[in-house]
Amino acid sequence: SVWDMEDLPLTVSTFRISFYDLDMGPHGSSREYIIVDNGDVSFTEAKDTQLNEGHVHGHMEFLASHSGSAKDKPHKSKSLSQVQKKRSVVLSYKDAHSFDLTIGASSGHSPRAFMFALHSALACHEGKVAITTTLTTTTLTTTTLTTTTLTTTTHTKETPEAAAQRLRNEAGDDTPIICIVGATESQSADSEALVKAIAPQLDEEIGSRAKFVTEGTVGVPETFAENCGDGSHVWNLVPSGESSGFAQGADINAGENAEERQEIFGLVGDIYVTVEGDGEVSQTAKAAHARGATVIPLMRTGGASD
């Protein structure tokens, strides 16, 4: 709602709000949407928009149709790329005192960031992008927006131990978690071929009764995820608000940064398979072994696995 300096209701002749970066996670998960109350409102989109339009209970809906990650988020509305424009929508209200919007995401494990500015993102006006992030691993998150106030659900920060237990609960008490640990750089051709060979074999032999977890980084983790069957038994562990960008596997958010993610990764697995690697791989393997997890180094690949 809009109020004047004397706290009296104020009707604004024209009010615009732009939403940016409406996208989704891998395989259509965590698909962002906006549902608009059908008041006196019009909308503007790019000519070749990537948003799908529809109606929910008589209200307009704008629904993401393409995957995205933290890397492609805009920082200034004046300098939007063509892709960023395609994922934006501007809502224009006439003679408005208040209006209601619902924003949310479909089922998935990736937290979503909703970005908006109080002007037209598709005009030549510069404005800082306001960012709010809804952290959730539930199947649905809904946020209501009244003019400039965005209310989100906040959660107490998880300890690494609590995050690891949450992931175990999601996998199931009787489901073994097999972590794939390996180099993110200078992966040899022989090691890559080995990972490509064992990934589909492991998926075929035990995939239906196990969960494979990678650190969601390039190199060995990406090679394994993208060759492990159809990826339905793979989790890619990434920090909150980030995406692996892998073609296969479900992104699972844990930890606020890479260091916390690595600590959680070292706590969650029952078995750790190491390929090549450096000090971080060795550190993860040692921590896992110290708490009783099984570590299987593929010694022929060298590095920390030798």
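Any value given below was found using the heavy atoms of this structure, including those in side chains, with hydrogens, waters and symmetry copies removed.
Within the 4.5 Å cutoff, the side chain of Phe224 has heavy atoms near those of the Phe212 side chain. Under the 4.5 Å side-chain criterion, counting only non-hydrogen atoms from C-beta, Phe114 is in contact with Glu32. Contact check for Arg31 versus Asn52: side-chain heavy atoms found under the 4.5 Å cut-off. Two residues are said to be in side-chain contact when any heavy atoms from C-beta on lie closer than 4.5 Å; Ile34 and Glu61 fail this criterion. Put simply, the side chain of Val213 reaches to within 4.5 Å of the side chain of Phe265, judged on heavy atoms. Ile296 places none of its side-chain heavy atoms less than 4.5 Å from the side chain of Thr274. With contacts defined as side-chain heavy-atom distances shorter than 4.5 Å, the pair Lys94/Thr14 qualifies. Within the 4.5 Å cutoff, side-chain heavy atoms of Val273 are placed close to those of Leu298.
For the salt bridge (Lys or Arg N to Asp or Glu O under 4.0 Å) condition, no pair includes a residue of residues 218-246, sequence neighbours left out. For residues 283-297, the pairs satisfying side chain to side chain donor-acceptor pair (under 3.5 Å) are Gln262-Thr284, Tyr272-Arg291, with sequence neighbours left out.
Judged purely by atom type and a 3.5 angstrom limit, Ser30 has no side-chain atom pairing as donor or acceptor with the backbone of Gly25. Distance alone, capped at 3.5 Å, places no donor-acceptor pair between the Thr49 side chain and the Glu45 backbone. A distance-only check finds a donor-acceptor pair linking the side chain of Gln84 to the backbone of Ser81 [under 3.5 Å].
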### Task
Please test Asp251 against Ser243 for side-chain hydrogen bond (donor to acceptor under 3.5 Å, both in side chains), starting from the C-alpha separation and ending with a verdict.
CA-CA 7 Å; Asp251 282 0; Ser243 171; 3.1 Å; yes
#### Entry: Phe15 vs Phe99, ring-ring contact (aromatic ring centres under 6.0 Å, His included): CA-CA, chis, key distance, verdict
CA-CA 10 Å; Phe15 184 91; Phe99 59 89; 5.4 Å; yes
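Residues Val41 and Leu22 share a hydrophobic cluster, clusters being chains of Ile/Leu/Val/Met/Phe/Trp/Tyr side chains in contact below 4.5 Å. Residues Met60 and Ile103 fall within the same hydrophobic cluster, defined by Ile, Leu, Val, Met, Phe, Trp and Tyr side chains chained together at heavy-atom separations under 4.5 Å. If you chain together hydrophobic residues whose side chains sit under 4.5 Å apart, Val181 and Ile177 fall into the same group. By the criterion of side-chain heavy atoms lying less than 4.5 angstrom apart, applied directly or through intervening Ile, Leu, Val, Met, Phe, Trp or Tyr residues, Ile271 is grouped together with Val234 in one hydrophobic cluster.
The CD atom of Gln50 sits 5.5 Å away from the OG atom of Ser65 when rounded to the nearest 0.5 Å. Summarising the geometry, atom CZ belonging to Phe43 is positioned 14.5 Å from atom CZ belonging to Phe19; distances are rounded to the nearest 0.5 Å. For the atom pair Glu215 CD and Glu280 CD, the distance stands at 7.5 Å (nearest 0.5 Å). Note that OG1 of Thr44 is 8.5 Å distant from CG of Leu91, once rounded to the nearest 0.5 Å. Atom-to-atom distance recorded for Trp235:CH2 and Glu170:CD is 5.0 Å, nearest 0.5 angstrom. With values rounded to the nearest 0.5 angstrom, Glu53 atom CD is found 8.5 Å from His55 atom NE2.
A donor-acceptor pair shorter than 3.5 Å cannot be found between the side chains of Asp95 and Thr11. If you check the side chains of Thr214 and Asn236, you find a donor sitting under 3.5 Å from an acceptor. Using modelled atom types, one finds no donor on one side chain facing an acceptor on the other under 3.5 Å when comparing Asp23 with His66. Side-chain N/O atoms of Glu276 and Ser191 include a donor and acceptor closer than 3.5 Å.
When all heavy atoms of Gly216 and Pro221 are compared, the pair lying nearest together is N-CB, 4.3 Å. Considering all non-hydrogen atoms of both residues, Pro239 and Arg261 come closest at CD-NH1, 3.8 Å. Among all heavy-atom pairs drawn from Val268 and Ala164, the shortest one is CG2-O, 3.7 Å. The nearest pair of heavy atoms linking Val295 to Pro297 is O-CD, 3.5 Å. The two atoms that bring Pro176 and Asp174 nearest to each other are CD-O, 3.4 Å, heavy atoms only. Residues Lys86 and Ala46 come closest through the heavy atom pair CA-CB, 4.0 Å.
For the pair Arg168 and Asp270, the salt-bridge criterion is met [side-chain N within less than 4.0 Å of a carboxylate O].
For the pairing with Cys228, the side-chain contact (heavy atoms from CB on, under 4.5 Å) check across Asp203, Leu202, Ile180, Val195 returns one residue only, Asp203.
Taking a 6.0 Å sphere around CD of Glu204, one finds it holds 12 or fewer heavy atoms contributed by other residues, nucleotides or ligands.
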